[in-house]
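Here the structure comes first, spelled out in structure tokens, and everything after it is commentary.
Numbers for residues simply follow the sequence, beginning at 1.
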Amino acid sequence: MLLNALRPVGPFLAAQDSEWYPLFLQSIVEHIRPAGDGLWIDIGTGPGALPAALCEQPGWKIIGTDIDPAMLQLARQRVRSPDVHFQLQNADFFASVANASVDRVSFCSVLFLLSEAVRCSLLDEALRMLKPEGQLLVLTPTPLRAPPSALSGIGLRAFARSNWTFFVWRASTRVRATRWHQENWAQRVATERGLHYAAEDVFSGYARLECLSKS
């Protein structure tokens, strides 16, 4: 509980409030197509940065979920839109979502932090919820080392106050990001489950977007 209480004021939240974090999310936002009553679920939503970006696009209903009530409280304060709702990520939440009812499920900087068992459990739920034509999007940092010149490469002002969070983020995620990409976990499970898999490096190579779909 102490960790959860302190988490919102740490580097994690500072990064999400930075100038560069929306650029990190942009590759997911660009996957939106106008879909009328399309439903998007963001798992591990934290303080709601991705739903905040997604709700600016018309025609989507968005649910952000997280296991941390403090993060959800912060997300509700920050994102005030009739098209966005935040719910505690637990068994009751997943049970409330019907089979094949969701158009997109996203994991932004989430799966690479989790154990194999938890990843597989979340993947099972995501695939159950997805419509046959739906997409599962996984955005993960890469282990690419970021020199000071990276700031201009991703379109940042050289002296923005929040720049330090980019380098802290790179350093704090490098070990697990390296392991994630060495394992090729998303591609491996896609092959095992007969899913279509596609990937592209985004955010000037500092992240990879992986897309899994049933068709």
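S96 and F93 make their closest contact through OG-O, 2.5 Å (heavy atoms, listed as atom of the first residue, atom of the second, distance). Residues L74 and P47 come closest through the heavy atom pair CD2-CB, 3.9 Å. The two residues L113 and R176 have their closest heavy-atom pair at O-NH1, 3.4 Å. The nearest pair of heavy atoms linking G46 to A75 is O-CB, 3.8 Å. The minimum heavy-atom distance between P82 and H85, with the atom names listed, is O-NE2, 3.6 Å. For the residue pair I43 and V110, the shortest heavy atom distance occurs at O-CG2, 3.5 Å.
Counting heavy atoms from C-beta on, the side chains of M129 and N99 never come closer than 4.5 Å. For the pair L123 and L136, the minimum side-chain heavy-atom distance is below 4.5 Å. Considering only heavy atoms from C-beta on, Q89 comes within 4.5 Å of L122 through its side chain. Here the side chains of P141 and R170 are in contact, with some heavy-atom distance below 4.5 Å. In this structure the side chain of P51 never reaches within 4.5 angstrom of the side chain of W40, judged on heavy atoms. Between V105 and L137 the shortest side-chain heavy-atom distance does not fall below 4.5 Å. Under the 4.5 Å side-chain criterion, counting only non-hydrogen atoms from C-beta, F24 is not in contact with S204. The side-chain heavy atoms of Y21 and F166, taken from C-beta on, include no pair separated by under 4.5 Å.
Panel note: side chain R128, backbone F94; a donor-acceptor pair is recorded below 3.5 Å. Panel note: side chain S213, backbone S215; a donor-acceptor pair is recorded below 3.5 Å. Of the possible polar contacts, none joining the N184 side chain to the Q187 backbone as a donor-acceptor pair under 3.5 Å is found. Of the possible polar contacts, one joining the T178 side chain to the R174 backbone as a donor-acceptor pair under 3.5 Å is found. Between the side chain of R119 and the backbone N or O of L111, at least one donor-acceptor pair lies under 3.5 Å. Judged by distance alone, the side chain of H181 and the main-chain N or O of R208 form no donor-acceptor pair under 3.5 Å. With hydrogens and angles disregarded, a donor-acceptor distance shorter than 3.5 Å links the side chain of T142 to the backbone of G205. A donor-acceptor contact shorter than 3.5 Å is absent between the side chain of K214 and the backbone of Q135.
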I would like to know whether L88 and I67 meet side chain to side chain contact (heavy atoms under 4.5 Å, CB included); could you show each step before the answer? CA-CA 6 Å; L88 187 65; I67 61 173; 5.6 Å; no
What do the steps show when you test L209 against V138 for side chain to side chain contact (heavy atoms under 4.5 Å, CB included), and what is the final call? CA-CA 6 Å; L209 179 63; V138 182; over 6 Å; no
Under the side chain to side chain contact (heavy atoms under 4.5 Å, CB included) rule, what do D124 and R193 come out as? Steps first, then yes or no, please. CA-CA 10 Å; D124 287 341; R193 298 172 184 237; 2.5 Å; yes
Take F203 and L23 through the side chain to side chain contact (heavy atoms under 4.5 Å, CB included) test and state the conclusion after the steps. CA-CA 7 Å; F203 193 44; L23 303 176; 3.8 Å; yes
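To the nearest 0.5 Å, the span separating CD1 on I28 from CG on L139 amounts to 4.5 Å. A distance of 5.5 Å separates CG of L25 from CG of L50, quoted to the nearest 0.5 Å. From C211, atom SG reaches atom NE2 of H196 across 7.0 Å, with rounding to the nearest 0.5 Å. Between atom CZ of residue F167 and atom OG1 of residue T165 there is a gap of 9.5 Å, rounded to the nearest 0.5 Å. Once rounded to the nearest 0.5 Å, the distance linking CG of L39 with CG of L130 reads 10.0 Å. Here the CG atom belonging to L54 is positioned 4.5 Å from the CD1 atom belonging to I62, to the nearest 0.5 angstrom.
Taking 4.0 Å as the cut-off between side-chain N and carboxylate O, E183 and R179 do not count as a salt-bridged pair. A salt bridge does not link K61 to D103: none of the charged side-chain nitrogens sits closer than 4.0 Å to a carboxylate oxygen.
Defined by atom type and a distance below 3.5 Å, a donor-acceptor pair is missing between the side-chain atoms of D66 and T45. Under the 3.5 Å distance criterion, with hydrogens and angles disregarded, a donor-acceptor pair is assigned to the side chains of E210 and W180. Under 3.5 Å, the side chains of S18 and W169 contain no donor-acceptor pair of N or O atoms.
For F107 and F112, the ring centers sit 6.0 Å or farther from each other.
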